[in-house]
A.B. asks: 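Quick one: structure below, then a few questions.
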Amino acid sequence: MDYQSILNEIIQEVTPFLKDGKVADYIPALENVDPEQFAMSITMFDGTQFTVGQADTLFSIQSISKVFTFTLALKFYRSNLYKRIGHEPSGNPFNSLVQLEYEHGKPRNPFINAGAINVTDALINYYGGSDIAYKEVLNFIRSISNNDLITCNEVVATSEMEHGYRNMALANLMKSFNNLDNEVSDVVQMYFKHCSVEMSTNMLSRAMLYLANHGTDPITDKIYIRESQAKRINAVMLTCGHYDASGDFAYHVGLPGKSGVGGGIVAVVPKLMGISVWAPGLNANGNSLVGTMALKLFTSKTGLSIF
Ligand code: GLN
């Protein structure tokens with residue numbers, strides 16, 4: 001298939017819509033990102049990349065980091081992880097407090113904020129401290145991306161902390177239900193640090209290969225997780241990766257995927273490729289407006305979806 005021509009067509013078709021999205025202004029450090037930017041990359045199992053737009057530009061991966069923290073927590077805790085969090089779609093916005101109260105402090109899944117904060121808490125327990133836990137999460141991201149230069153933007157992390165009232169509230173609520181072991185501010189701080197990691201679509205599409213290949217990196221042969229765990233992470237990405245728009249994403253795109261409020265989205269074509277797209281303007285659900293559009297065009301033009 002001529003992937004390059006397809007990507008070239010996609011950028012032409014989506015460019016008029018870049019102005020329609022709205023950047024995430026609730027994090028002041030992200031407020032000034034130019035919304036009229038676009039990038040899309042795919043990485044094949046032999047490492048070949050096809051790209052269009054600003055595919056080397058770094059952006060805040062935000063909630064895409066939840067895929068990486070969930071991977072590590074599932075690897076270490078296996079099914080015991082589900083004592084703390086669920087794996088059902090929430091049908092609610094990513095930062096909602098309401099359901100968490102009704103459900104006694106147990107977050108629905110690892111991709112809404114409460115779930116990801118809880119997973120971060122589990123990783124702090126496993127590694128024995130938030131500094132070391134953050135370093136290990138970063139090392140994991142660097143390993144799956146095969147890139148040692150990836151790092152976090154401290155300005156964004158600090159800005160999130162300064163305005164993180166809702167995430168602090170979620171963590172406090174879980175703590176009140178005895179479903180958070182470490183200090184609230186310590187856990188939330190580490191959560192913001194991994195959300196503030198910066199990557200490009202080239203890096204992210206490469207990083208998805210272990211999930212497209214049953215848990216093993218097809219280029220380096222490193223085994224990161226078991227086949228059954230990769231299956232479950234992909235399933236949770238499909239059902240929960242876009243919050244209350246997860247059904248819509250599955251319906252229109254038809255691939256396991258995860259979004260972040262930095263405007264990035266990752267997706268997986270099982271046994272074939274990792275994909276990443278970036279357009280900072282968001283839709284009302286906090287997912288990249290044009291990114292979702294581009295992925296929809298990609299699966300329509302190529303016929304590559306899991307359905
Ligand atoms: N760090 C962001 C937050 O906590 C992540 C949200 C997202 O990307 N959906 O609000």
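One-based numbering, in listed order, for ligands and for the atoms of each.
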A.B. asks: Under 4.0 Å from any heavy atom of Y243, which atoms of ligand 1 are there?
C.D. replies: 7 (C), 9 (N)

A.B. asks: At less than 4.0 angstrom from any non-hydrogen atom of C195, what atoms of ligand 1 do you find?
C.D. replies: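 Once the distances to C195 are compared, the set is 1 (N).
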
A.B. asks: Could you tell me whether K106 sits above the aromatic face of F177, with NZ or CZ closer than 6.0 angstrom to the six-membered ring centre and within 45 degrees of the axis?
C.D. replies: no

A.B. asks: Can you sort out which atoms of ligand 1 are near Q62, meaning under 4.0 Å from one of its heavy atoms?
C.D. replies: 1 (N), 2 (C), 5 (C), 8 (O)

A.B. asks: Assess K66 against F111: is NZ or CZ under 6.0 Å from the centre of the six-membered ring, and within 45 degrees of the ring's axis?
C.D. replies: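 No.
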
A.B. asks: Any idea which protein heavy atom is nearest atom 10 (O) of ligand 1, and the distance to it?
C.D. replies: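 Its nearest protein heavy-atom neighbour is Y26 OH, 2.5 Å.
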
A.B. asks: Show the atoms of ligand 1 that are less than 4.0 angstrom away from any heavy atom in Y191.
C.D. replies: 1 (N), 2 (C), 3 (C), 4 (O), 5 (C)

A.B. asks: Tell me every residue that passes ring-ring contact (aromatic ring centres under 6.0 Å, His included) with Y3, counting only those two or more places apart in sequence or in another chain.
C.D. replies: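 Scan of Y3 (ring-ring contact (aromatic ring centres under 6.0 Å, His included), adjacent residues dropped) gives F50.
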
A.B. asks: Tell me every residue that passes salt bridge (charged side-chain N to carboxylate O under 4.0 Å, His left out) with R108, counting only those two or more places apart in sequence or in another chain.
C.D. replies: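 With sequence neighbours excluded, R108 shows a salt bridge (charged side-chain N to carboxylate O under 4.0 Å, His left out) to E103, given in chain and number order.
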
A.B. asks: For the aromatic rings, using the six-membered ring if either is Trp, is the centroid distance between H87 and Y82 under 6.0 Å?
C.D. replies: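 Ring centres of Y82 and H87 closer than 6.0 Å.
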
A.B. asks: Only heavy atoms of F94, strictly under 4.0 Å: list the atoms of ligand 1 that pass.
C.D. replies: 6 (C), 9 (N), 10 (O)

A.B. asks: Regarding ligand 1, does K66 bring an N or O atom to under 3.5 Å of one of the ligand's N or O atoms?
C.D. replies: no

A.B. asks: In ligand 1, which numbered atoms sit nearer than 4.0 Å to a non-hydrogen atom of N113?
C.D. replies: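 Those qualifying, in numeric order: 3 (C), 4 (O), 6 (C), 10 (O).
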
A.B. asks: How does E160 reach ligand 1, if at all, at less than 4.0 Å between non-hydrogen atoms: by side chain, backbone, both, or neither?
C.D. replies: side chain

A.B. asks: So, applying side chain to side chain contact (heavy atoms under 4.5 Å, CB included) with K175, which one of V184, N182, L170 is it?
C.D. replies: V184

A.B. asks: Under 4.0 Å from a heavy atom of G260: give me the atoms of ligand 1 that qualify, with their elements.
C.D. replies: 8 (O)

A.B. asks: To check you understand the geometry: which heavy-atom pair defines the closest contact between S145 and M199, and what is its length?
C.D. replies: OG-CE, 3.3 Å

A.B. asks: If the cut-off is 4.0 Å to any non-hydrogen atom of N167, which atoms of ligand 1 fall inside it?
C.D. replies: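 With N167 as reference, the close atoms of ligand 1 come out as 3 (C), 4 (O), 10 (O).
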
A.B. asks: What are the two closest non-hydrogen atoms of P107 and L100, and how far apart are they?
C.D. replies: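 Shortest heavy-atom separation between P107 and L100 comes out as N-CD1, 3.7 Å.
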
A.B. asks: Tell me which protein heavy atom sits closest to atom 7 (C) of ligand 1, plus the residue, atom name and distance to 0.1 Å.
C.D. replies: S63 OG, 2.5 Å

